[in-house]
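Before any comments, here is the structure.
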There are 2 protein chains.
Amino acid sequence: MGTNDQNPRIEDVARAAGVSVATVSRALRGLDNVATSTREKVQAAADELGYRAHPAAAKLAAGSSHTIGVAVANIAGWYCAQVVGGVEAVLAESGYEVLVVGVAGAEARRRFIADIDRMHHRVDGLVLVDIRLEHDEVERLRESELRVVTIGNSYPGLSSVRPDDISAARLAVDHLLALGHRRIALIEGMRDDPMRTEVSWRRREGYTQSLTRYGIVVDPDLLEGGDFSVIGAQEATHRLLDLIEPPTAIFAISDEMAMGARGVAVERGLNVPEDLSIVGIDDHPLAQTVALTTVRQDPPASGATAARWIVEDLQNDQCVLSTQELETELVVRSTTGLAKR
Amino acid sequence: MGTNDQNPRIEDVARAAGVSVATVSRALRGLDNVATSTREKVQAAADELGYRAHPAAAKLAAGSSHTIGVAVANIAGWYCAQVVGGVEAVLAESGYEVLVVGVAGAEARRRFIADIDRMHHRVDGLVLVDIRLEHDEVERLRESELRVVTIGNSYPGLSSVRPDDISAARLAVDHLLALGHRRIALIEGMRDDPMRTEVSWRRREGYTQSLTRYGIVVDPDLLEGGDFSVIGAQEATHRLLDLIEPPTAIFAISDEMAMGARGVAVERGLNVPEDLSIVGIDDHPLAQTVALTTVRQDPPASGATAARWIVEDLQNDQCVLSTQELETELVVRSTTGLAKR
DNA sequence: CTGAAAGCGCTTACAG
DNA sequence: CTGAAAGCGCTTACAG
């Protein structure tokens, strides 16, 4: 009612501009073999009619989906949401669509990768956020014609972007060492298998490097898995504080875990940072509300970079292999202080 | 390499099953005018070949996109991410696709709604998360053939789902009143115009109702806008605590704001809850780490409900108008306590 | 219950 | 630089 009920088709534009549909198609997509005067005529007609190509028709005819898939381990988590935000922003201005797929857990991931060929006409590219692949899955992705870039983890033969995790961890631990701490606990990834995610083992690597430089031997008692969750970190913290010789500082590899640790310390009557220093990684928006010292990273930037690579590859019909490590930055607030004595 | 490079087409399945493509199409989509034996034969052939319909072709032919759009004000925010998670979960198992569109700010929203007709062959349904529409925009959506449901706000003629905001606010304020508080501040939505979002004015309504029942007149000095952000809430809290007669309790209409308020109180040397009680709404995962008393809501449930309605409407070729208010629940932790004196 | 055929609205060689 | 025509892979009346 009011406006034309039916959307205009390419044929309507062609008629209005007095050219063929082929020319309209070329002109509107900015292909280069169109006379400038023709292009302007077509553009004017299209604007006038409010024409926009029917996406399904375009996709079918061109054999390309013009959409990028984003597979995330946990859509509702802060980190993933941030990354998706970055992807979305870039893709929106490039005219690509975003298809978000939740891939929670190993089973879902296996199915998703096994079905990757089916994705082949749904998406032209794929960004995997924080998803740990098996060897054969990497192989499978490499053989597919999809442009894929992984965020958080990296694999030979696939593009990847991630924060410089080793440096990030070293920033945190060096800060604690400089304050005089020597018993520094690490709350890392999955409790049953902390090395499962690359993020986790790279951050442990940074932790180890810093301690080693100071001539400190890593004490296995001070290594705890926090499952990247508040609850996991709380349990880990209780175990650490129950040690006969408890740590004077805790480095948690995410702010959410650091905040969980801080809460437990306070609940147990400790003063932070007088009795226990705490550092995280992320600079989560809520970190500031508890004055958490942390290492800032920029997840939207990761997403944006990944998206930009894919779009470039697609537009130039290439498939370049890129890798990037994003810088991080120590943000000192009030949960870290001088070690006692 | 290895697997067939080309995905099978419907024709391949038809040949393998010894039937026509029309029959394959019907059988695979579960239409009812297919003999059971035929259906099984077709299904077997499809499974064998690993066939899956090319989505763009199906969309073009059927004239339906089989995807649902989700327009969110702030993809990276906790609340929106939660809702999108709920939508995704339902849609995934219904075989629908999700198209996430970021609509940040009035300008983006206006463009999005103006272009809604273009969405018409991209999506069959639309869920709007926390997006405040103008009158003419509501009209426009109602006239479109899209199934739309709004989350957070509600409009005549459009389906909507949201927490019972009035009750949620009353739970929070009644709790404070029961503890003896009489000067209870409210940190609500946008500072320049707190009534802009429905969430905000409904929660203010609950606040007012509770106070009024107790015979307390609302003091305009105690009404502050926190912009739904940590920083906004921090600024608001400073203003409140600078009052000649400061509040003894603060009710912030989101946990992120409540956590911002708590941080400021602590920073200013106040004890929580001895000097100042604080309540939020959400039960954000991090609320627990500061022992925040709050009113729990379930954003994924909102998203799931919205998605379910749309899918049902689509499958039954109907367009029913539904409205639902979700229950909330008071979670008492340690940021609220008896009022002094 | 099933099949042959038209058509969904584009893009892309192919010719000119 | 432009056009006529085939074709992308499905779905859906229509007829039987």
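This one's a predicted model, so the numbers in the text were calculated from it and none came from an experiment. Here is how names work: the chains are called A, B, and so on, in the same order as the sequence lines, proteins then strands, and each is numbered from 1.
- In this structure, NZ of B/K59 is placed 19 Å from C1' of D/dT12, rounded to the nearest angstrom.
- For the C1' atoms, the distance from C/dT12 to C/dG16 is 16 Å, rounded to whole Å.
- Between A/E137 and the options A/E134, A/E139, A/H135, a side chain to side chain contact (heavy atoms under 4.5 Å, CB included) holds for only A/E134.
- For the 3.5 Å distance criterion, the side chains of A/S154 and A/R162 qualify, holding a donor opposite an acceptor.
- With both pairing distances under 3.5 Å, D/dT2 is matched to C/dA15 as a Watson-Crick or G-U wobble pair.
- Taking atom CZ on A/R52 and atom P on C/dT11, their separation rounds to 14 Å, with Å as the unit.
- Going from atom CG of B/L31 over to atom C1' of D/dT12 covers 10 Å, rounded to whole Å.
- Nucleic acid contact class of B/A58 (heavy atoms, under 4.0 Å, all strands): sugar-phosphate only.
- Taking side-chain N and O atoms only, B/T23 has a distance below 4.0 Å to OP1 or OP2 of C/dG3.
- One distance of note links CZ of A/R109 with CD1 of A/I131; it measures 8.5 Å at 0.5 Å rounding.
- Look at B/S20 and you won't find any side-chain N or O under 4.0 angstrom from OP1 or OP2 of C/dA4.
- The distance between atom CG of A/L28 and atom C1' of D/dT2, rounded to the nearest whole Å, is 16 Å.
- Regarding B/N33, its CG atom lies at a distance of 17 Å from the P atom of D/dA15, rounded to whole Å.
- Nucleotide D/dT11 holds its C1' atom 17 Å from the CZ atom of B/R9, rounded to whole Å.
- Annotation for A/N153 and A/D130: closest pair ND2-C, 3.8 Å, computed over non-hydrogen atoms.
- Look at B/S25 and you won't find any side-chain N or O under 4.0 angstrom from OP1 or OP2 of D/dT12.
- A/R26 has no side-chain polar atom (N or O) that falls below the 4.0 Å cut-off from OP1 or OP2 of C/dT12.
- Each of B/A57 and B/T36 has a nearest nucleotide on DNA chain C; the 5'-most of these lies closest to B/T36.
- Which of C/dC1, C/dC10, D/dT11 sits closest to the side chain of B/A62 comes down to D/dT11.
- OP1 or OP2 of C/dT12 has at least one side-chain nitrogen or oxygen of A/R29 nearer than 4.0 Å.
- One interatomic measurement links the two molecules: CD of A/E11 to C1' of D/dG3, which rounds to 14 Å at whole-angstrom precision.
- Nearest nucleotide to the side chain of B/A22, out of D/dA4, C/dG3, C/dC1: C/dG3.
- Remark: the B/T305 side chain and the B/S302 side chain contain no N/O donor-acceptor pair separated by less than 3.5 Å.
- B/R29 and B/S25 are linked by a side-chain donor-acceptor pair at a separation below 3.5 angstrom, with hydrogens and angles left out of the test.
- Computed from coordinates, the A/L60 CG to D/dC10 P distance equals 9 Å when rounded to whole Å.
- Listed nucleotides C/dC10, C/dC1, D/dT12 differ in distance to A/H54; the shortest reach to its side chain belongs to C/dC10.
- With C/dT11, D/dG3, D/dT11 as the candidates, the nucleotide lying closest to the side chain of A/V19 is D/dG3.
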